[in-house]
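Hydrogens, waters and symmetry mates are skipped; everything else that's a heavy atom, side chains included, is used. Each ligand, and each atom within it, is numbered from 1 in the order the structure gives. Predicted model, so just to flag it, every value in this text is computed and none were measured.
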Amino acid sequence: MDLAAEQQPTDWGAWHDRYDDPGSSLAARLAAIQGVIGRWLDRTAPRPVRVASACAGEGRDLLGVLEDRDDAARVEVVLLEADPALARTAAAQAQRLALPGVEVRCADAGSTRGYAGAVPADLVLLCGVFGNISDVDVHRTIRALPQLCAPDALVVWTRHRGAPDPTPTIRRWFAEQGCEEQGFVSPGEDSWAVGVHRFRGRPQPLEREHQLFTFLR
Ligand SMILES: C[S@@+](CC[C@H](N)C(=O)[O-])C[C@H]1O[C@@H](n2cnc3c(N)ncnc32)[C@H](O)[C@@H]1O
């Protein structure tokens, strides 16, 4: 076993390069997420809406949809991303697309502190998060949704379904939190999954310093 290789932190910049291969599973996952976001924007038009994205990376999911919409100005966005280079890429892309409603925060999305002023959000993106945190933290994050979600907010999350498939448990946790499942898209076992839940609970004030999760890699 190559311990040195095992301990290397993930290069999230290189990880994003896989999006550029249209045949990749990441590109397929992105298309599924963007479809959900686009339909949600259609349904909510023309009212102003707020979006919070945890561990947003380059923000390709959201920015890629807003790019093609003439109602992007009604969408207020906060992207939370810890990696300064990725945060800069996201901010540069938002600027290129002339999206003044997009704020990129180089911050820890694992702490509620980063979400101050960004929530309650009408759309909460938890994409590329649950596979990189412990199950305990996944559960804790779902239990904290009342602090992040506006009434009837949509939550979009992803998780790889490698055995043992964790998604049945995650879907149950959402249900236990009073969320209604609106969709679950996956090419099959041992592949990606995109879950979509409607928050039906009662929003709660944001705790100032509550740790939701710790990123593992
Ligand atoms: C799997 S990628 C997902 C990126 C994006 N959401 C997507 O689906 O394309 C995980 C991202 O989380 C970021 N990240 C890691 N720890 C973080 C933290 N504590 N707070 C915010 N972002 C973090 C990484 O830098 C990386 O960009």
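- His139 contributes atom NE2, which lies 16.0 Å from atom CZ of Phe213 (distance to the nearest 0.5 angstrom).
- Ring centers of Phe215 and Trp12: under 6.0 Å apart, within the cut-off.
- Every protein residue with a heavy atom nearer than 4.0 Å to ligand 1 is included here: Trp12, Trp15, His16, Tyr19, Arg29, Cys55, Ala56, Gly57, Glu81, Ala82, Asp83, Leu86, Ala107, Asp108, Ala109, Cys127, Gly128, Asn132, Phe215.
- Among residues two or more places apart in sequence or in another chain, the side chain to side chain donor-acceptor pair (under 3.5 Å) test is passed with Thr112 by none.
- Remark: Arg143 CZ is packed, more than 12 non-hydrogen atoms of other residues, nucleotides or ligands lying under 6.0 Å away.
- With hydrogens and angles left out, the side-chain atoms of Gln147 and Glu207 include a donor and acceptor closer than 3.5 Å.
- Between Arg161 and Asp190, none of the side-chain N atoms (NZ, or NE/NH1/NH2) sits under 4.0 Å from a carboxylate O, so this pair counts as no salt bridge.
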